[in-house]
There are 2 protein chains.
Amino acid sequence: MRHSGAMLSQRGRYALKAMIHLAAAAPDSGPQQISAIAGQGNIPRKFLEAILVDLKKAGLVISVRGQRGGYRLARPATEIMIGDIMRITDGPLALVPCVSKLFYRRCLDCADEATCAIRHIMALVREEVGTVLDKTSLAQTAALGLGSDADPSADTVLLSAS
Amino acid sequence: MRHSGAMLSQRGRYALKAMIHLAAAAPDSGPQQISAIAGQGNIPRKFLEAILVDLKKAGLVISVRGQRGGYRLARPATEIMIGDIMRITDGPLALVPCVSKLFYRRCLDCADEATCAIRHIMALVREEVGTVLDKTSLAQTAALGLGSDADPSADTVLLSAS
DNA sequence: GTTAATCCCTACTCGATAGATAGGAAAACT
DNA sequence: AGTTTTCCTATCTATCGAGTAGGGATTAAC
């Protein structure tokens with residue numbers, strides 16, 4: 001009965017918002033300032049600062065210091081996957097560490113991984129989550145917020161009502 | 001950089017272990033006792049007690065009190081889905097409450113759900129997770145732990161290496 | 001070179017929750 | 001009655017997420 005809800009942390013939500021903001025900015029405009037991002041996204045400024053530092057350390061964004069500084073994407077938005085962002089803020093996509101591809105760790109009390117039923121099914125889940133989050137780019141995601149979801153340029157992902 | 005890992009709680013892991021244990025028990029054998037389940041699964045006894053009570057309140061298991069009492073499944077293992085179990089212990093499957101089918105709640109700061117890019121992609125994830133967890137039965141899962149994964153009786157789910 | 005705007009780093013608070021434990025009450029069988 | 005089991009209530013502790021605070025470092029502009 002423990003329905004605390006949301007497994008996407010507030011951190012993660014803010015990070016996605018910020019990245020979408022950066023992706024939506026005109027390509028020739030300069031770096032976007034923290035205050036601007038925070039203001040538009042209803043994000044506590046100081047908190048966002050810390051998140052952006054993490055994204056920078058991970059190589060997803062580039063910072064420009066000094067007057068008129070700010071942040072911009074390190075790569076084109078078509079080459080940044082949503083999974084990349086979420087891993088920074090929320091850790092591995094896998095529900096159990098023993099099926100994580102990038103952060104593998106044994107489960108403490110697991111006698112034999114090969115015969116662990118939990119591991120088997122969680123691997124399936126991990127697989128499916130990965131096919132969405134690691135194959136959907138930031139560009140595709142940002143385009144989703146434009147009202148009409150009829151953007152045929154994205155061939156990988158098909159929308160489905162929920 | 002927050003990789004605490006596992007989004008499947010310990011509670012959830014214990015619940016799955018216990019349910020698999022119950023599913024694996026001989027159908028004519030009596031109810032399984034907490035101590036037996038706890039012993040075989042390396043689960044703290046008192047903790048497991050609380051979990052089983054939750055599973056009972058949710059109608060997944062039936063308890064028998066008194067001497068030679070214990071627990072048994074409320075329905076055949078083929079009719080209990082893994083998602084049913086995980087929702088009891090870990091809450092909604094969705095990563096954000098606004099795409100949860102059974103526990104829908106608005107996101108606090110969401111201006112317009114129709115144009116929320118985060119919501120769109122999280123709905124896709126929710127969809128994929130659901131197709132695994134709500135279509136894989138406890139019986140199928142328990143059969144996975146038998147070493148050979150060649151069980152053609154389960155037609156819904158195909159195994160894939162990870 | 002001074003200024004002003006920005007990024008960056010360290011530390012801290014507060015509240016919630018996961019995990020676990022303890023003791024006993026209620027029920028059912030012998 | 002007595003034993004064995006589930007069941008209920010309360011409690012504890014450590015960790016973590018979320019957010020705050022303040023100042024130091026860096027650089028563009030003037």
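The chains referred to below are lettered A, B, ... by the order of the sequence lines, with proteins before strands, and numbering in each begins at 1.
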Does a side-chain N or O of [X] approach OP1 or OP2 of [N] to a distance below 4.0 Å, or not?
| X | N | answer |
| --- | --- | --- |
| Tyr71(A) | dC8(C) | yes |
| Ser63(B) | dC7(D) | yes |
| Tyr14(B) | dA20(C) | yes |
| Lys56(B) | dC7(D) | yes |
| Ser35(B) | dT5(D) | no |

Out of dC7(D), dT5(D), dG19(D), which nucleotide sits closest to the side chain of Val53(B)?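 Of the options given, the side chain of Val53(B) lies nearest dC7(D).
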Which nucleotide in dG19(C), dC8(C), dA20(C) has an atom nearest any side-chain atom of Arg11(B):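 The answer is dG19(C).
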Atom-pair distance ([atom1] on [X]; [atom2] on [N]), nearest Å:
| X | N | atom1 | atom2 | result |
| --- | --- | --- | --- | --- |
| Asp54(B) | dA18(C) | CG | C1' | 13 Å |
| Ile43(B) | dA20(C) | CD1 | C1' | 13 Å |
| Met7(B) | dC16(D) | CE | P | 14 Å |
| Leu48(B) | dT5(D) | CG | P | 15 Å |
| Leu52(B) | dT5(D) | CG | C1' | 13 Å |
| Ile51(A) | dT20(D) | CD1 | P | 12 Å |
| Ile62(A) | dT26(D) | CD1 | P | 19 Å |
| Arg13(A) | dG17(D) | CZ | P | 16 Å |

Do [X] and [Y] touch side chain to side chain, with heavy atoms closer than 4.5 Å?
| X | Y | result |
| --- | --- | --- |
| Leu8(B) | Thr89(B) | no |
| Leu138(B) | Thr78(B) | no |
| Pro97(A) | Cys107(A) | yes |
| Leu55(A) | Ile51(A) | yes |
| Tyr71(A) | Val64(A) | no |
| Gln32(B) | Arg72(B) | no |
| Ile121(A) | Val132(B) | yes |

Could you go through nucleotides 27-30 of chain D and list every protein N or O atom that sits under 3.5 Å from one of its N or O atoms, giving the distance for each pair?
from	atom 1	to	atom 2	distance (Å)
dA28(D)	N3	Gln67(A)	OE1	2.9

Could I get a table of every N or O pair under 3.5 Å where one atom is in the protein and the other is in nucleotides 21-23 of chain C?
from	atom 1	to	atom 2	distance (Å)
dG23(C)	O6	Lys46(B)	NZ	2.4

Distance, nearest 0.5 Å, that separates CG of Leu133(A) from CD of Glu128(A):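 Taking CG in Leu133(A) and CD in Glu128(A), the distance rounds to 11.5 Å.
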In Å, rounded to the nearest 0.5 Å, how long is the span from CE of Met19(A) to CG of Leu52(A)?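 Going from the CE atom of Met19(A) to the CG atom of Leu52(A) covers 9.0 Å.
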Can you name the one residue among Arg11(A), Lys17(A), Gln10(A) that meets side-chain hydrogen bond (donor to acceptor under 3.5 Å, both in side chains) with Tyr14(A)?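 The passing option is Gln10(A).
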For a quick check of understanding: with a heavy-atom distance under 4.0 Å over all strands, which category does Ile34(A) fall into, base, sugar-phosphate or nothing?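 Sugar-phosphate: the residue Ile34(A), judged by heavy atoms under 4.0 Å, touches backbone atoms but no base.
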